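Since the structure is predicted, the reported quantities are computational estimates derived from the model, not experimental observations. Letters A, B, ... mirror the listed sequences (proteins, then strands); counts begin at 1. Quick note: numbers below take in every heavy atom, side chains included, and nothing from hydrogens, waters or symmetry partners.
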2 protein chains.
Amino acid sequence: MDTRHMHYFMALAETLHFGRAAKLLHMTQPPFSRQIALIEQKLGVKLFERNSRHVTLTPAGKHFLDDCRTVIAQFDAACRDVRLVASGMKGELRFGFMMHAAHSVVPRLVQRYSEIRPDVRLVLEERTPTEIDDMLMVGKLDAAVTFAPGYSPHLRTIHLAKEKLRMIMRADHACANKRMIGPDDLCHERLIATPTSVAPTLRSAIASYFAAGGISPNFVLEPRLQHTIIKLVAEGLGVALIPESLCSMLDESLVSKPLRTAPTLDVVLCAPITSANPAVSALMDIAAQSSC
Amino acid sequence: MDTRHMHYFMALAETLHFGRAAKLLHMTQPPFSRQIALIEQKLGVKLFERNSRHVTLTPAGKHFLDDCRTVIAQFDAACRDVRLVASGMKGELRFGFMMHAAHSVVPRLVQRYSEIRPDVRLVLEERTPTEIDDMLMVGKLDAAVTFAPGYSPHLRTIHLAKEKLRMIMRADHACANKRMIGPDDLCHERLIATPTSVAPTLRSAIASYFAAGGISPNFVLEPRLQHTIIKLVAEGLGVALIPESLCSMLDESLVSKPLRTAPTLDVVLCAPITSANPAVSALMDIAAQSSC
DNA sequence: CCATCTGATACCTTCAGAGTATTGGTTAAG
DNA sequence: CTTAACCAATACTCTGAAGGTATCAGATGG
C-alpha cells in the first residue's frame, strides 16, 4: 500500500464510477480497475460492493475513506512544510541572549521577528556571554545577542547598539552628589564585577578603563549575574560599573553616575557563518535594517 | 512523493549511513542513494548534508523526519483499522429499539456488546416499531429490538423475550381488587392503546384478545408513546393493556393486574439478512446465546 | 602515500503498472 | 422479449521506474 493507492481509492469512493474516477486520475479504466482490485487484495478487505451497473462503499470502505482523507492531508502538509522549513518560513530558532540585552534590544528583535516569521518557534535562552560563545560554537544556538566578541571568524556579527558603562553606588555614598565620575574617584573603592570567565568583553572593558587612568582596581567580589552585582552594591559591599541600559531599573537606594571617557561596549547579534538553519537569515536581515 | 519514499528517508535519517540504511530496506546502496537524491529533487529541499564520510540531517530534514513519523504511523493505523472494521471489531452500529424494550433486554444487550466490541460506536435510536421497520428497510439502522414483525423475509430475527400484557388502571378503579382480569371485565371500559400505525404487532395482539373473548373494544385514545398511555390512565381517562416489563415503573396511584389467557408478544432482535455491516454479527451472536 | 571506507555514477535488467482491445453482465427502452 | 447502451472485468502488450552489478572518486587514518 502506498499513498498513490489511497488516491485511487479516494477517487473511486468519491465518484463511485470506475470510468470517471480513472479519468480524474488521467488514466484509462482497465488499469484503474486492476489497481482497485489489488488494493482490496493487499488489504484483505472488500472496500466496494459492485456489479456492472452500481458501485457502493462497504462500511469498511466508508471508514477507510475518512482515514485516507486525514492521512493524505497530513502527507501533503508534511511535503509542503518541509519546503517552508527549508525557506526559513517555518521551524525553530534557538536564540541566546545575555541578561544585559534582555531589557533593551532583545524584546524589539524578538517582536519584529515573530511578526514576519510567525511559524518559527523561538527558543529563547538567557545565558552568560561565555556560555553563548560556546553554544554558538557547538551549534546549540542558532543566533545570539551578546557583547561583540574578539576575533571570531566563524561568526557573522551585526552591530545592534552601543552601551556606555555607568557607575552605580548607594545613595549614601560619598560620590553620590558628583555629576561625573573618573577613574581617580575609584582608586580606593571596593569594586564588584563579573569575572572574565563569564563576560570577558565586559570585564576587559572595565579593566582597560582603570588601566587607562593608571589605576589598579580592587575587585572584591565577582558574581556571575548582573542582578547579583546590583544586589551587592545595594547591600553596601562595594560599587560597580554596569551598562547604562540596566540603570533604569535601579531602586531609590541606588544612584548611577556617568563616567568620564566612559568605556563603550558593542552589543551585537551574531550567528555562525555556516549556520544551516534558514530561519536565521531573516533575523540577521531585521538586525541589519535596525542598525542602519 | 510516496510513503515508500518516506520510508527511504526515515531509514537514512535514523542510520545516517547509506549502506546500512539500504540494508535495512533489503536493497543495495546505489539505487538507495539515487532514491534519496530523487526525493530531495522532487521536494526541492536538501534533507541531508553529506560527503563521502559523514551524513547529517539539515534542519528541514529534522523537521521532515518528525512529520514522516506521524504520517507513517497514521498511514499504518488506517490500513490496520480498515481490517478491524471489516472484521466487525471496529466501526459503527446503528441500533434501534422501541421504548418497551428500553428497560428490559436493551440495556443488557448493549452492555454485553460494548464489552466485547469496545471499538464499535453504538448509535442508539429509540423509535416506534413502525419507524424501526422502515429504517431497517432503507438501511438507516443496522439492527433493532422490536416486537416480532409479521412476514419479513429480508430480516433475520432472534427471539429475546416474551412479554405478557397486563391491564393497568387507577387504584380507585372497580377492578382494582380483582385477582385477575378477563375480556368480559373490559367490555364497557374506555380503552387506551397505541394505534396500528405505531405498533401494529402490539395493537393487533390487543385487538385479537378482545376478538377471542367476543368483545368489541372501545378505543377512546390512541397516543403514540407508552409513556403517554400510562399518564392518561393515571388521569382517569381509561384503562390500558401494556407489556408487563413496563408495570414495574408504575407509581402508587396505578395498579396492574394479570390477564386471563394473557396475550403474549415476542421481543426480537432483527437485522437485515443482507446487512453489510460486519459489526452486526457479534450482536446477533450475543442475542442467540442469551435466548438459549 | 596507501589502505579503507563510503557515497556517487554508469550501465544493465526486470517487473509493476499503464494502454488497447475485448468480454460479459446489467439496465432500460422499444 | 429483444436490443442497445453502459460499465466493470479480463487478456495481452509495452514502457519506464526502480533495483542490481561494477566502478569511480573523495575523505580519513595510519
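- Nearest nucleotide to the A:Asn51 side chain, out of C:dT26, C:dA18, D:dT21: C:dT26.
- Remark on DNA chain C: of its neighbouring residues A:Lys42 and B:Leu16, the 5'-side contact belongs to B:Leu16, judged by nearest-heavy-atom nucleotide.
- For A:Arg34 against C:dA18, a side-chain-to-base donor-acceptor contact under 3.5 Å is present.
- Between the side chain of A:Thr58 and the main chain of A:Leu47, a donor-acceptor pair closer than 3.5 Å is present.
- Salt bridge annotation for B:Lys140-B:Glu131: absent, with no cationic side-chain nitrogen under 4.0 angstrom from a carboxylate oxygen.
- Put simply, B:Arg4 has no side-chain N or O that comes within less than 4.0 Å of OP1 or OP2 on D:dA17.
- In this structure, B:Phe48 reaches neither bases nor backbone, as no heavy-atom distance under 4.0 Å exists between it and the strands shown.
- Nearer the 5' end of DNA chain D, as judged by each residue's closest nucleotide, is the contact made by A:Leu12, out of A:Leu12 and B:Leu38.
- A:Ile39 places its CD1 atom 14 Å from the C1' atom of C:dA16, with the value rounded to the nearest Å.
- At whole-Å resolution of the value, CD in A:Glu49 and C1' in D:dA8 are 15 Å apart.
- Of the candidate nucleotides C:dT27, C:dA8, D:dA11, C:dT27 has the atom nearest to the side chain of A:His54.
- Side chain of A:Thr130 to backbone of A:Ser197: a donor-acceptor contact under 3.5 angstrom is found.
- Taking only side-chain nitrogens and oxygens, A:Thr28 never comes nearer than 4.0 Å to OP1 or OP2 of C:dA18.
- Atom pair A:Gln41:CD and C:dG17:P shows a separation of 12 Å (rounding to whole Å applied).
- Rounded to whole Å, the distance from NE2 on A:His7 to P on C:dA18 is 14 Å.
- The residues A:Glu222 and A:Arg203 are annotated as salt-bridged, a charged nitrogen and a carboxylate oxygen being separated by less than 4.0 angstrom.
- Aromatic rings of B:Phe48 and B:Phe9 (six-membered ring for Trp) have centroids within the 6.0 Å cut-off, being under it.
- One finds no side-chain N or O of A:Arg20 lying less than 4.0 angstrom from the OP1 or OP2 phosphate oxygen of D:dC6.
- Counting distance only, with no hydrogens placed and no angle test, the side-chain atoms of A:Gln29 and the base atoms of D:dA9 include a donor-acceptor pair under 3.5 Å.
- At whole-Å resolution of the value, CD in B:Gln35 and P in C:dT9 are 14 Å apart.
- Taking only side-chain atoms of B:Pro31, from C-beta outward, the nucleotide of D:dA11, D:dG19, C:dA18 with the closest atom is D:dG19.
- Distance A:Phe18 CZ to C:dG24 C1': 15 Å, rounded to the nearest Å.
- The NZ atom of B:Lys46 sits 13 Å away from the C1' atom of C:dG7 (whole-angstrom rounding).
- In terms of heavy atoms, B:Pro129 sits closest to B:Val198 at CD-O, 3.4 Å.
- Taking atom CZ on B:Arg50 and atom P on D:dT28, their separation rounds to 16 Å, with Å as the unit.
- Judged by atom type and distance alone, B:Ser52 does not reach the base of C:dG7 through any side-chain donor-acceptor pair under 3.5 Å.
- Between A:Ser33 and the phosphate of D:dA9, there is a side-chain N or O to OP1/OP2 separation shorter than 4.0 Å.
- Each of B:His17 and A:Arg53 was assigned the nucleotide of DNA chain C with the nearest heavy atom; the assignment lying further toward the 5' end belongs to B:His17.
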